[in-house]
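Shown next, in structure tokens, is the structure this report addresses.
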There are 2 protein chains.
Amino acid sequence: MSGLRERQKADRHRRIIDAATELFREAGYEGAKIEAIAARAEVSIGTIYNYYQNKGDILGAIVSMEVNEVLNAGQGVVASPPANVGDALDTLIGIYIEHSLNYLSKEMWRQAMAISTQLPDSPFGQAYTGLDRELTKQISALIARLQEIGLVRVDIDGAAVGELIFNNMNMMFIEFVKRDEAKIPELRAAIRRQNRVLVAAIGT
Amino acid sequence: MSGLRERQKADRHRRIIDAATELFREAGYEGAKIEAIAARAEVSIGTIYNYYQNKGDILGAIVSMEVNEVLNAGQGVVASPPANVGDALDTLIGIYIEHSLNYLSKEMWRQAMAISTQLPDSPFGQAYTGLDRELTKQISALIARLQEIGLVRVDIDGAAVGELIFNNMNMMFIEFVKRDEAKIPELRAAIRRQNRVLVAAIGT
DNA sequence: AAGAAAAGTTGAACCAATTCTAAAATTGAG
DNA sequence: CTCAATTTTAGAATTGGTTCAACTTTTCTT
């Protein structure tokens, strides 16, 4: 099962992703020519297209890794949230936002988001939509957890509130990556302010 | 001031927009080649690039017209809203959504949204961000109006609630245009459901 | 271990957006 | 009216992502 071909394939995948990650950061998404990625990965252009349907999918693979890390980090908060609705939400959202620029620059985020709406049916488009859904579910799970603990009224529609909070956060994040000078603390403060009405309404 | 040159310029602008609108609808954004738009507008390729920085800006001009119409239609609701918070919001949002596919196909919306995040500093990118801001302000204005009438508590942060509602609606609209089979009534119902908690919380 | 089949690799050719440049048209000063 | 300055045009050249047909390498079979 683990013949030479398998190992070579895995190795090429890694080399392509590594080369692309470096070049995207060095030259930006547009600036990173496929030819250059191929050269740095020591692979031909054709091989890249054998592994990824298009340039966007290469970026997509990088984005997916990052979002999966964030989802993982979020699990901890859902499992044992701060004992206060506002703080619980702020902590989870904080994890998302603070991790977001670890591997990806704002420009990479912009491109990734653009591609996911431009080509919703491409491999990456579908993966991105799936990741958004996972994040929404995680926020809803936090609300459900808070309902169990007795911090949130059990008669509120947790799924709907989770969607509302995620959609607002996501839109704010989109505006955030669109402005290079926008700063993380301001983003978090703005989202906290927007959530305040909601937090007051759903808390016990 | 209104010499031959002025009139020709206005005429060419119109011809380019008309040709592009037709071709975008017939062949989709990607399928509408600049060469074909130029031919139908009876203008050269160079001329198109003299009038618009890039293909996206042509689409941008069309989108801007559409959104401005929607903003206009929304004014009526803000001026005399239905006598009930839930209905007021639903009516305004309904106007936005129902108008949205008048001139633009889902594919055109996808492209327009993608371009606005990909190139936030291009003429169209800035215009699009501005239009989003206008829509947010209009929703906030509706909340303020409802506060005046006494339907919404005066102690809630109307601007924050307006942003929350717009951002959620906009995100839902993005998901809506990403799925060709998604239908308007379902979209409206989902947004109504999400807004319900909020409506209950801010109503008097 | 040889030969055939399967799987993967390569890079030159293709295509469409965008840029560039020389030619043509319009304007206004004298 | 004329012509130099300025704007606009046309379309050829450039550019970079993507495709494709020929070539290699690996695996399988006996």
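Naming: A, B, ... by sequence-line order, numbering from 1 per chain.
Rounded to an integer number of Å, the gap from CD1 of I34(B) to P of dA16(C) is 12 Å. Remark: P of dT18(C) and CD1 of I37(B) are 10 Å apart, rounded to the nearest angstrom. Atoms CD (Q111(B)) and P (dA17(C)) sit 11 Å apart, rounded to a whole Å. In this structure, H13(B) atom NE2 and dT8(D) atom C1' are separated by 12 Å, rounded to whole Å. Rounded to a whole Å, the OH atom of Y52(A) is 17 Å from the P atom of dT19(D). Summarising the geometry, the separation between CD on Q53(B) and C1' on dA17(C) is reported as 14 Å, rounded to the nearest angstrom. The distance from atom CG of D11(B) to atom P of dT26(C) is 13 Å, rounded to the nearest whole Å. Atoms CD (E35(A)) and P (dA12(C)) sit 10 Å apart, rounded to a whole Å.
Set against dT9(C), dT9(D), dT18(D), the side chain of N54(A) has dT18(D) as its closest nucleotide. Checking dG11(D), dA10(D), dT18(D) against every side-chain atom of I45(B), the shortest atom distance belongs to dG11(D). The nucleotide whose nearest atom lies closest to any side-chain atom of Y49(B) is, among dT19(C), dT9(D), dT18(D), dT19(C). Each of dT26(D), dT18(C), dT10(C) was ranked by its minimum atom distance to the side chain of Q8(A); first place goes to dT26(D). Here the nucleotide nearest the side chain of R12(B), chosen from dG11(C), dT8(D), dT18(D), is dT8(D). Looking at the side chain of K33(B), the nearest of the listed nucleotides dT9(C), dT9(D), dA17(C) is dA17(C).
Ring to ring, F173(A) and W109(A) are close: their centroids are under 6.0 angstrom apart.
Using a 4.0 Å cut-off between charged nitrogen and carboxylate oxygen, K183(B) and E186(B) do not count as a salt-bridge pair. Salt bridge annotation for R188(A)-E98(A): present, with a cationic side-chain nitrogen under 4.0 angstrom from a carboxylate oxygen. A salt bridge between D18(A) and R15(A) is absent, with no side-chain N of the basic residue lying under 4.0 Å from a carboxylate O of the acidic one.
Heavy atoms of Y51(A) sit under 4.0 angstrom from primed sugar atoms or phosphate atoms, though from no base atom.
The side chain to side chain donor-acceptor pair (under 3.5 Å) search around R25(A) returns none, not counting sequence neighbours.
At the phosphate of dT9(D), neither OP1 nor OP2 sits under 4.0 Å from any side-chain N or O atom of S44(B). Put simply, N50(A) has no side-chain N or O that comes within less than 4.0 Å of OP1 or OP2 on dG8(C).
Of the two residues contacting DNA chain C, namely K55(B) and G46(B), the nearest-nucleotide position lying further toward the 5' end is that of K55(B).
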